[in-house]
2 protein chains.
Amino acid sequence: MNSRKTITIKEVAKVAGVSVTTVSRYLNGNLGKMSVATQQKIQQVIQDLNYRPSAAAKNMRSDSTHIIGVIVGDISNVFASMLFTGMYKALQPQNYSVMLLNANDGADEERECVEKLLQQNVDGLIIQPSRSNFEDYYPIVNARTPLAFVDRYVDATPPSVIHVTSDNYEASQRMCEELAGKGYRHIVVVNITTVGTSAQIPRLHAITEAARRLGLRLSVLDLAGGDNAWLTDTLRVISANSAQERTAVVSLMGPLLLRVLAAARELGMDFPRDMGLLSFDDWEWGEYVGHGIDLILQDPETIGRKAGEALLATIRKQPPVSNEIVVPTKRVLGHSL
Amino acid sequence: MNSRKTITIKEVAKVAGVSVTTVSRYLNGNLGKMSVATQQKIQQVIQDLNYRPSAAAKNMRSDSTHIIGVIVGDISNVFASMLFTGMYKALQPQNYSVMLLNANDGADEERECVEKLLQQNVDGLIIQPSRSNFEDYYPIVNARTPLAFVDRYVDATPPSVIHVTSDNYEASQRMCEELAGKGYRHIVVVNITTVGTSAQIPRLHAITEAARRLGLRLSVLDLAGGDNAWLTDTLRVISANSAQERTAVVSLMGPLLLRVLAAARELGMDFPRDMGLLSFDDWEWGEYVGHGIDLILQDPETIGRKAGEALLATIRKQPPVSNEIVVPTKRVLGHSL
DNA sequence: CTGAAAGCGCTAACAC
DNA sequence: GTGTTAGCGCTTTCAG
């Protein structure tokens, strides 16, 4: 029971009175014309000896690890965790394991993560990218490792690379039309530009475009530049004008909504009384805040799952029809508009 | 640039005009008395050839992978994601990678996860256990793989195994005293028993004990047995009596709080008007619900970090003074009691 | 139906 | 200062 030394396929062979080849065949299910007696014998010995095949040795020969490397921008984010959940649901049933690394939204850290995973000889890579130029990802292409990007946008990504995102552009446009229809004349976007690949960027583009088209006034509060006090002060000023010019605050990602709510609480502000509020988010907790916040809900789990499925297909040389996958967001009605 | 075949340490040696030993020494920083010229030459060739050492080959020789295996009960849970975040913060700076697997709160799935990770020859294992008897974990002990349990409880865990949890017992006792002090006479615990290792179990024990001691009436709603409609109905009945006998609902984990809130909303119930509400949770979002929910906040990130640190210490043969680590919870005051 | 033996890429004695 | 070489545990041709 208590095995002191590592036990190898060789010992199993010896004890079972067969050759290593036969054991290897047994392990890999190549039972072509192996006698049932042999099979049983081997099975028995494996149990007795408590034999466990070494993944490293296997990998050295077979050049396939059944490991997928995943790199996210920030693991502490709920979004990332749901992304991962989706990937896992696609990969685990196909018997793939996952190494999860965190790039901390940094270019250098991400490069190191990629390097590490390529050294592990992963069968594929799913990345929520922190670097904005596809050149940065050449090492992956050169290593011939199948690649999928999720959530964020890398310039000049070739069509051979899988890319799964929310319908950021369309959802943002629809949102502006809805706000205009509801009588809002001024949109205050709250964003935070951490990385140049962020999904917030296409959202802001689409909003800018739609606002111009619809004749709405647009302000942008980038929280990368200011602290919470600054946000509070700014919201105070804006809400004062909301009486004349109906105003809606639009938060471009879930974590920002929390900060807006904190500021609003401090100001004793009420939605939609003092201004409208709408946020992109990934989780339905907003339903329980106040009388429910109006949300554009992403589906990170589906994004992750689709990326996993498409990547597996590519690994198996059955690439998806299109590598460009868009996952729809869902408009959750609340009482904050 | 575009390397067709895998390039090995041998090629590097050949091109650099040195032996593989020298290259290996260079790679591992054994620059004992290596001439600077040689070092530069090797460095150059590595770059030119785009050489990447194979982790598998390395592992076969050195018997250390610098990989830690992590198994959680349910990755889609916010708690698990924060646990992981904490572990990562401890492990990544020490240059350890992480393989994250999901046991789906199942004994068999967990066994398979363990098997997979042992085959990968991980340097250590951190598990949020789904099996309640330590015998189930013997394979890990036999493989001499350092082990840490987090969050949940395994019977007969030997002191050689690291164990990091919240202060479940103490926090539950304190809570009961607080409720009694506030005039509550009836406690309704909402729990859901998925696995026999759940931290909810010691919480319930402590509450049971304290309730008896303090003369409080105790009811237990186990949601494993009923659906949301059942919860709603039960709460309706209970709240009707709350006028005579001041009642507090205590949710034993974050996700249950959401279900309680959903039921309460349906009933048009208000806290603390109709009854008191308090919940164990892992995240401060409850602050924004209503006027703020009273919480006993766990610190999963710290739990994960401590487990990672203790595990690393053990791997390095510098085991922590105590393997029994208790992370304090924090009482967050709200307006629901 | 089964075996012998080569070799995957790397490290670490042991030599010089 | 640097090189030779024997394996690590496994898969897989090729040969019976």
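Every chain is numbered from 1 and lettered A, B, ... according to where its sequence line falls, protein lines coming before strand lines. None of these values were measured; they are calculated from a predicted model.
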Candidate pair Arg305(A) and Glu301(A), rule salt bridge (charged side-chain N to carboxylate O under 4.0 Å, His left out), full reasoning: CA-CA 6 Å; Arg305(A) 185 171 51 71; Glu301(A) 190 173 320; over 6 Å; no

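Nearest to the side-chain atoms of Thr22(A) among the listed nucleotides dG9(D), dT2(C), dC10(C) stands dT2(C). Minimum atom distance to the side chain of Val20(A) is reached by dA5(C), of the listed dG9(D), dT2(C), dA5(C).
In terms of polar N and O atoms assigned as donor or acceptor, the side chain of Ser24(B) never comes within less than 3.5 Å of the base of dA12(C) in a complementary pairing.
Each of Leu311(A), Val122(A), Leu125(A) was compared with Ile68(A) under the side-chain contact (heavy atoms from CB on, under 4.5 Å) criterion, and only Leu311(A) meets it.
In terms of position on DNA chain D, the residue among Thr38(B) and Ser62(A) whose nearest nucleotide sits closer to the 5' end is Thr38(B). Each of Ala56(B) and Met34(A) has a nearest nucleotide on DNA chain C; the 5'-most of these lies closest to Met34(A). Toward the 5′ end of DNA chain C lies the nearest nucleotide of Gly17(A), the other residue of the pair Val23(B) and Gly17(A) mapping further downstream.
Distance Ile9(A) CD1 to dA6(C) P: 18 Å, rounded to the nearest Å. Atom CG of Asn59(A) is separated from atom C1' of dG7(C) by 15 Å (rounded to the nearest Å). Computed from coordinates, the Met60(B) CE to dG7(C) C1' distance equals 11 Å when rounded to whole Å. Atom C1' of nucleotide dC10(C) and atom CZ of Arg61(B) are separated by 7 Å, given to the nearest angstrom. Between the NZ atom of Lys58(B) and the P atom of dC10(D) there is a distance of 21 Å, given to the nearest Å. For the pair Lys10(B) NZ and dC8(C) P, the interatomic distance rounds to 6 Å; values are reported in whole Å. Between the NZ atom of Lys14(B) and the P atom of dG3(D) there is a distance of 14 Å, given to the nearest Å. Rounded to an integer number of Å, the gap from CZ of Arg25(A) to C1' of dG3(C) is 8 Å.
Phosphate contact (OP1/OP2 of dT2(D), side-chain N/O of Ser35(B), threshold under 4.0 Å): present. Applying the 4.0 Å criterion to OP1 and OP2 of dG9(D), one finds that Ser54(A) has every side-chain N and O outside that range. The side chain of Thr8(A) places no N or O atom within less than 4.0 Å of a non-bridging phosphate oxygen (OP1 or OP2) of dG9(D).
Between Tyr51(A) and Glu11(A), the side chains place no donor N or O within less than 3.5 Å of an acceptor N or O (distance only, hydrogens not considered).
Thr21(A) comes within contact range of at least one nucleobase, with a heavy-atom separation under 4.0 Å. Contacts of Tyr26(A) with the nucleic acid, taken as non-hydrogen atoms under 4.0 Å apart, are absent. Across all strands, Asn28(A) comes closer than 4.0 Å only to sugar-phosphate atoms, never to a base (heavy-atom distances).
Separation of the Phe149(B) and Tyr137(B) ring centroids falls under the 6.0 Å cut-off.
In summary, Asp123(A) and Arg316(A) do not engage in a salt bridge, as defined by a charged side-chain N under 4.0 Å from a carboxylate O.
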